[in-house]
Amino acid sequence: MDKSEKLDAYYKKEHPFKEGILLLREIARKTEAEENFKWSIPVYTLNGKNVFGICKFKSHFGIWFFNGVFLQDPKKVLENAQEGKTKGMRHWKFQSLTEVDNKVVLAYMHEALDNQKKGLEIKAEKTKKVAIPELLQSELSKDSTLQYAFERLTPYKQKEFCEYLTEAKQEKTKLRRLAKILPMIIAGVGLHDVYR
């Protein structure tokens, strides 16, 4: 399925908030943003950068502003998308179609696009050096091929493996987990690659 088919399927699917997301789409199309489909939702971009997305849930529908932290938010409608996990993303929720003020929503979208043009965005923090658990370090120092494979992994994947081992409470669980991850490290496969 190509991008336009995925978008059409998203917006045409029967859902309690179908009319609401269609209205948001109509408003979004009045902007210069390019309509894309990422992470199973419509995402509106500018020069390849994510600016906002339109989403639907069981109890509400709304707009994700990827760098919403920079929006002035005069109506005080924006919430931190995932408290404690995201620094820049903000979410505007609606429970009904009557809550959507076309002019205000369009103004927020335009401001988000203007902020993107200005380069206002939260930069991802550099991953800190990974503390390798003693059990894994012992295996790495015994096997140069394993050591090389581990060093070639992204810091994120290294961190996943290390946390996976350190989260185990019992020694037998740690050993079982170690046996599971060693072939994955050699193969260059991340712990959760199957879900990405």
Out of curiosity, [X] [atom1] to [Y] [atom2], how far, rounded to the nearest 0.5 Å?
X	Y	atom1	atom2	value
Ile181	Leu135	CD1	CG	8.5 Å
Leu120	Asn67	CG	CG	8.0 Å
Phe52	Leu71	CZ	CG	10.5 Å

Tell me whether [X] contacts the main-chain N or O of [Y] through its side chain, where contact means a donor paired with an acceptor under 3.5 Å.
X	Y	value
Asp193	Gly190	yes
Lys180	Leu175	no
Thr166	Cys162	yes
Lys56	Tyr10	yes
Glu111	Gln72	yes
Asp73	Val77	yes
Ser141	Gln137	yes
Gln158	Phe150	yes

Heavy atoms of other groups near [X] [atom1], more than 12 under 6.0 Å:
X	atom1	result
Lys75	NZ	no
Lys49	NZ	no
Glu5	CD	yes
Asn47	CG	no
Gln95	CD	yes
Phe57	CZ	yes

Do Arg177 and Tyr164 meet the cation-pi criteria used here (NZ or CZ under 6.0 Å from the six-membered ring centre, within 45° of the axis)?
-> yes
Partner of Ile54 under side-chain contact (heavy atoms from CB on, under 4.5 Å), chosen from Phe61, Trp64, Tyr11 = Tyr11
Give the intermediate values and the outcome of salt bridge (Lys or Arg N to Asp or Glu O under 4.0 Å) for residues Glu167 and Lys174.
-> CA-CA 8 Å; Glu167 287 168 357; Lys174 289 181 182 191; over 6 Å; no
Taking all non-hydrogen atoms of both residues, which atom of [X] and which atom of [Y] are closest, and how far apart?
X	Y	result
Phe65	Ala112	CD2-CB, 3.8 Å
Ala33	Leu113	CB-CD2, 3.9 Å
Phe17	His60	CE1-N, 3.2 Å
Leu191	Phe161	N-CZ, 3.7 Å

Which is it for Arg29 and Glu26 under the salt bridge (Lys or Arg N to Asp or Glu O under 4.0 Å) test, yes or no, and what are the steps along the way?
-> CA-CA 5 Å; Arg29 286 182 156 176; Glu26 186 182 311; over 6 Å; no
Show your working on salt bridge (Lys or Arg N to Asp or Glu O under 4.0 Å) between Glu35 and Arg25 and close with a plain yes or no.
-> CA-CA 9 Å; Glu35 192 174 50; Arg25 183 186 202 189; 2.8 Å; yes
Among the clusters formed by ILVMFWY side chains lying less than 4.5 Å apart, do [X] and [Y] turn up in the same one?
X	Y	result
Trp39	Ile63	yes
Ile185	Tyr148	no
Leu24	Val104	yes

Charged N to carboxylate O under 4.0 angstrom, [X] versus [Y]?
X	Y	result
Lys93	Glu79	yes
Arg176	Glu171	no
Glu160	Lys157	no

Would you check if there is a donor-acceptor pair between the side chains of Thr45 and Asn50 at a distance under 3.5 Å?
->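 Judged by distance alone, the side chains do not pair up.
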Please find out if less than 6.0 Å separates the ring center of Trp92 from that of Phe94.
->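 When the ring centroids of Trp92 and Phe94 are compared, they turn out to be within the sub-6.0 Å range.
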